[in-house]
Amino acid sequence: MNATMEKQRVRIVQGEEKQVEMENKNIVYKTDQLNLWYGENHALKNINLDIYENEVTAIIGPSGCGKSTYIKTLNRMIELVPGVKTSGEIAYRGRNIFDRSYGVEELRTKVGMVFQKPNPFPKSIYENVAYGPKIHGIRDKKILDQIVEKSLKGAAIWDEVKDRLHQNAYGLSGGQQQRLCIARCLAIEPDVILMDEPTSALDPISTLKVEELVQELKKEFSIIIVTHNMQQAARISDKTAFFLNGEVIEFTDTNKIFSTPSDKRTEDYITGRFG
Amino acid sequence: MKLINHTSVVKHMKPRLVINILFKSLFFAATLFGLLVLGILLYRIFTQGIAYLDMQFLQSLPSRKPEQAGIKTALVGTIWLMAVVAPISLSLGVGTAIYLEEYAKKNRFTSFIQVNISNLAGVPSIVFGLLGLTVFVRALSLGTSVLAAGLTMSLLVLPIIIVASQEAIRSVPKELREASFGMGATKWQTIVHVVLPAAIPGILTGGILALSRAIGETAPLVVLGLPLFLAFLPKSVFDMFTVLPMQIYNWTGRPQAEFQSLAAAGIIVLLVMLIIMNSIAVLIRNKYQKRF
């Protein structure tokens, strides 16, 4: 009974959002009644979420609430896990990503991803950034050079690495590696950037740099960021979704969710009473 | 009240330390035993064979007269054998490993295959000899050619290469694959550009060790019926040939002392080849080893 009421409330909140936002912003991702199972384990339950263009959407919640699962569903990375089943729909720019005709490769050229742990390839800095364009068939050295420079500048790491582009990326610090991974993601010129706890393995200064970068990137990209750091969500996001036990408990403007949450559980979580 | 009496602990310290030293010496002796036996073997072979080891020995065909006999046919035959075994076993082995690790779903069928590959690695080499005799020498009527022996040896070392390659591929962190998939790369692009470059040191090390096993194997070749005495060189993979271990086996079977010494010289040649191959494996591993 209670759960049904919560769901309705979420939809009402979302409904208001739509009316307010529809005028000037496009929906990038529309999630409709998404359910996901790992074998018998029902990990995502009736998720409904709309993600808007050029905004930062933060997903918060305690460990095991399904926030990482959800973000990995958005580019279908979750399918690498054996035994995953889904129902419902996620429309990316109006097209259901679960459609048979929609190839994952095509989807992932538009939706880039930055992972929890910096994961550069054991190649040079240049080769790391040029990897995406190369696999998509760009061979022209001049264009590749331009892409590499633009992407590294976009990830605010150009000045630090421009003199050692051909050195191994493993020589960079953890924070630099993560920004390199962001640059690598920018190199495929995506539309959306998914970030799965991108700063959880970084020191505070590197974290700050990545957060500033996110603010910069949202002018050009739509960003969805999973974080277990609530201050981070409050600092950098426009909208915040609170996940709990595989359900969206509340999804609204970040300001609102952190000042006047409408659900008791949200309030308990953001005030640090659990999680 | 204290439950441990420290004065008593100190008093009983001595026997504990003695036992410690005793076991240390025991294990050291065990190690020494192996080394000593190997040392004696090497010493005997070198003192016996080194006198016969010269360029003439390497460049001469076998002969009934010990002073004219050389190892050329066997040496060339071994190189021919490697030239057949290396490409066949590496391409089949690495291919199987890629399929099992990257493409195959984990189900009963693939775990059945997996168990059988591990079992094959433990099958005595003479059984592979019988297989080669039945299939390649007789059924496909390849005779005792380089090709028949090469195929047999490839089957023999295949399980070792598959297991080594699988382990090398498995050790590539999944985060790297995710990064590649996340940019829209296909599975094949990910394998070629990310997985294989990172796995290649392990694959090559395993491959070279497998090949050095193939160099030393004798039993399957005896079963295939390779000639013990051959006075001409193979010109193609369909020609008869012989290999170093066969030649050594032949010489050790002769009564004259000179042939015993020739056998020792042959063993030195074989050992040098093995050491060179193992060193290449170590060099590759050190040069390309990457930490993740």
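So you know, we letter chains A, B, ... as the sequences are listed, proteins then strands, and number each from 1.
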Can you name the closest pair of heavy atoms from B/G184 and A/I135 and give their distance?
->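 For B/G184 and A/I135, the tightest heavy-atom pair comes out as C-CD1, 4.1 Å.
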
At their closest point, which heavy atom of B/L176 faces which heavy atom of A/P120, and how far apart are they?
-> CD2-O, 3.2 Å

Using heavy atoms and a sub-4.5 Å threshold, report which of residues 136-149 of chain A line up against chain B, by residue number.
->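 Residues A/H136 are the ones that qualify, each having a heavy atom under 4.5 Å from chain B.
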
Residues from residues 91-105 of chain A approaching chain B under 4.5 Å (heavy atoms) | A/E105

For A/K110, look at atom NZ and say whether over 12 heavy atoms of other residues, nucleotides or ligands are found less than 6.0 Å away.
-> yes

Do other residues, nucleotides or ligands put more than 12 heavy atoms under 6.0 Å from the CD1 atom of B/I126?
->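 Counting neighbours around CD1 of B/I126, 12 or fewer heavy atoms of other residues, nucleotides or ligands fall under 6.0 Å, so no.
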
Taking C-beta and beyond as the side chain, do B/M183 and A/R184 meet within less than 4.5 Å on heavy atoms?
->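 Yes, close enough: below the 4.5 Å cut-off.
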
Student check: side-chain heavy atoms of B/S180 and A/F121 closer than 4.5 Å = yes

Segment of A/V114 engaging chain B (4.5 angstrom heavy-atom cut-off) =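 For A/V114, there is no contact with chain B at all, as no heavy atom is under 4.5 Å.
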
Proximal component of A/K123, with respect to chain B [non-hydrogen, under 4.5 Å] |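 Looking at A/K123, just its side chain touches chain B.
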
Top residue by heavy-atom pair count (under 4.5 Å) with chain A, among B/E178, B/R177, B/H193, B/K106?
-> B/E178

Separation between CD of B/Q189 and OH of A/Y131, rounded to the nearest 0.5 Å =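 It is 6.5 Å, given to the nearest 0.5 Å.
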
